[in-house]
Colleague: 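I am attaching a structure below and will ask some questions about it afterwards.
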Amino acid sequence: VRLFDASGNTSHKISSLWGRLLCKWNDIRVEVRGVENILPDRAQIFVANHQSFFDIFALSGYLPVQIRWVAKSSLFHIPFVGWAMWASNYIPVLRENRKKAYKAFLATIERIKSGASVVIFPEGTRSSDGEIGEFKKGGHLLAARSKAPMTPVTIIGTGVIIQKGSFIIKPGRVQIIISSTVKAKGEDTLNEIREIICKCYEEHTIDVKS
C-alpha cells in the first residue's frame, strides 16, 4: 500500500484496523472517553502516559484520526510491527545520536504541518510499576515550532494486559481518556499536562479494575 500512497494515510488505516483486531482477538475491551476533544479540522499533539507496548495498538486502533508515532528506532526493526510503522510514515528516533534526534524533531514538525496528528510518550519509556514517571523536556518545543495544540491522553489498563518485559497478553479493559487541549506556555506546559493525566489516572483506575 505504501507504494501507492506515500503519505502513509492508507497504511495507517490498515494499522488501525490491525490494532482493533488484536484487541478483539485477545478479549481486550477498549473504551474511549473525550472524543469531543479531538479537533476535526487541525492536527494536534497527543501527549500520553506509557504503560506498556500495547499502548500502541490501543491508540492506533481507537483514536479516530490520522496519527503518526514518534518512537525509538529499535521498534522499526521488529518484524511486521516495524514494517507497518515504516509504511505508515511514523518517525524513528535514535536518542543517543543528537544529530539524528534533531532530524526526527524536524520530521515530526513536517508530519504535523502536513495535517497528521502525532503521539508522544514524554516519559520516554514504559512504566514498570504503573506509576506515571516524570516527563522529559522537549514536547513543548514541538508545539511551539509546529503551532499545534497539545492534548493530554490518559491510558489505563494496558500495563496489566501486557507487563514490561513480558510477551503474555491477558484479557482485560482499557480506558483511553482524551482531555481538553492545553495551550503551550513553555516548559511548564508538560508539567500541567502530567498533572491532568495523573489526576485522570487516579480517578478512573478503579473503573477499569471493577
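Values below: every heavy atom of this structure, side chains too, minus hydrogens, waters and symmetry copies.
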Colleague: Are a donor atom and an acceptor atom from the side chains of Q51 and Y201 found within less than 3.5 Å of each other?
Modeller: yes
Colleague: Roughly how far apart are T181 OG1 and I38 CD1, rounded to 0.5 Å?
Modeller: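 T181 OG1 to I38 CD1: 12.0 Å, rounded to 0.5 Å.
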Colleague: At their closest point, which heavy atom of A43 faces which heavy atom of A116, and how far apart are they?
Modeller: CB-O, 3.5 Å
Colleague: Between P64 and V35, is any pair of side-chain heavy atoms under 4.5 Å apart?
Modeller: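 The answer is yes; the side chains approach within 4.5 Å.
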Colleague: Got a second to check how far I112's CD1 is from I45's CD1, nearest 0.5 Å?
Modeller: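 The distance works out to 4.0 Å.
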Colleague: Can you tell me if Q44 and T151 form a side-chain donor-acceptor pair at under 3.5 Å?
Modeller: yes
Colleague: Using a distance-only test with no angle check, is there a side-chain donor-acceptor pair under 3.5 angstrom linking S15 and S88?
Modeller: yes
Colleague: Do I67 and V118 come close enough that some side-chain heavy atom pair is under 4.5 Å?
Modeller: no
Colleague: Closest approach of V93 and A104, non-hydrogen atoms and distance?
Modeller: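 Closest approach of V93 to A104: CG2-CB, 3.7 Å.
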Colleague: Looking only at non-hydrogen atoms, find the nearest pair between S180 and P152 and report the distance.
Modeller: O-CD, 3.2 Å
Colleague: According to a hydrophobic-cluster definition based on side-chain heavy atoms being under 4.5 Å apart (Ile, Leu, Val, Met, Phe, Trp, Tyr only), do L22 and I78 belong together?
Modeller: yes
Colleague: For the atom pair OG1 (T154) and CD1 (I156), what is the distance rounded to the nearest 0.5 Å?
Modeller: 6.0 Å
Colleague: Would F121 and D55 satisfy side chain to side chain contact (heavy atoms under 4.5 Å, CB included), going step by step from the backbone distance to the final call?
Modeller: CA-CA 10 Å; F121 294 125; D55 296 337; 4.0 Å; yes
Colleague: Do V70 and Y90 touch side chain to side chain, with heavy atoms closer than 4.5 Å?
Modeller: no
Colleague: Could you check whether W69 and F46 have their ring centres less than 6.0 Å apart?
Modeller: no
Colleague: With a 4.5 Å cut-off on side-chain heavy atoms, are L63 and I178 touching?
Modeller: yes
Colleague: For the backbone of N89 and the side chain of R111, can you confirm whether one donor and one acceptor N or O come within less than 3.5 Å of each other?
Modeller: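 Between the backbone of N89 and the side chain of R111 there is a qualifying donor-acceptor contact (under 3.5 Å).
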Colleague: Atom CD1 in I177, atom CG in N37: separation rounded to 0.5 Å?
Modeller: 11.5 Å
Colleague: Could you give the distance from CD1 (I155) to CD1 (I197), rounded to the nearest 0.5 Å?
Modeller: 8.5 Å
Colleague: Tell me if a side-chain donor or acceptor on S60 pairs with a main-chain N or O of G19 at a distance below 3.5 Å.
Modeller: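 Not a single qualifying donor-acceptor pair exists.
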Colleague: I'd like to know if L17 and V32 are part of one continuous hydrophobic network [Ile/Leu/Val/Met/Phe/Trp/Tyr, side-chain heavy atoms within less than 4.5 Å].
Modeller: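 Yes, it is one cluster - the side chains of V32 and L17 are joined through contacts under 4.5 Å.
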Colleague: Evaluate the salt bridge (Lys or Arg N to Asp or Glu O under 4.0 Å) criterion for residues R194 and E192: first the C-alpha distance (whole Å), next the side-chain angles of each, then the deciding distance (0.1 Å), finally the verdict.
Modeller: CA-CA 5 Å; R194 184 179 181 276; E192 180 181 346; over 6 Å; no
Colleague: Same cluster for I120 and I109 if Ile/Leu/Val/Met/Phe/Trp/Tyr side chains link at under 4.5 Å?
Modeller: yes
Colleague: With a 4.5 Å limit on heavy-atom distance, are the side chains of I161 and S52 in contact?
Modeller: no
Colleague: Hey, mind stepping through I193 and M150 against side chain to side chain contact (heavy atoms under 4.5 Å, CB included) and telling me if it holds?
Modeller: CA-CA 8 Å; I193 290 175; M150 305 180 80; 3.8 Å; yes
Colleague: Establish whether I169 and I56 are linked, either directly or via other cluster members, by ILVMFWY side-chain heavy-atom contacts under 4.5 Å.
Modeller: yes
Colleague: Check the pair F54 / I28 against side chain to side chain contact (heavy atoms under 4.5 Å, CB included), numbers first and verdict last.
Modeller: CA-CA 10 Å; F54 219 87; I28 296 166; 3.4 Å; yes
Colleague: Testing the 3.5 Å rule here: is there a donor-acceptor pair between the side chains of H12 and R68?
Modeller: no
Colleague: Any side-chain heavy atom of C23 sitting closer than 4.5 Å to one from Y62?
Modeller: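 Side chain of C23 against side chain of Y62, heavy atoms only: contact under 4.5 Å found.
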Colleague: About how many Å separate CD of E195 and CG of D188, when rounded to the nearest 0.5 Å?
Modeller: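 Atom-to-atom, D188:CG and E195:CD are 9.5 Å apart.
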Colleague: Heavy-atom count check: over 12 atoms from other residues, nucleotides or ligands less than 6.0 Å from I168 CD1?
Modeller: no
Colleague: Report the C-alpha separation of R29 and K24 in whole Å, then their side-chain angles, then the decisive distance to 0.1 Å, and conclude whether the side chain to side chain contact (heavy atoms under 4.5 Å, CB included) test is met.
Modeller: CA-CA 7 Å; R29 302 171 300 283; K24 293 181 183 298; over 6 Å; no
Colleague: With hydrophobic residues grouped by side-chain heavy-atom distances under 4.5 Å, do V182 and I132 end up in a single group?
Modeller: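 V182 and I132: one cluster.
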Colleague: Can you tell me how the ring of Y102 sits relative to the ring of F105, calling it parallel under 30°, perpendicular over 60° and tilted otherwise?
Modeller: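 Rings of Y102 and F105: parallel, under 30°.
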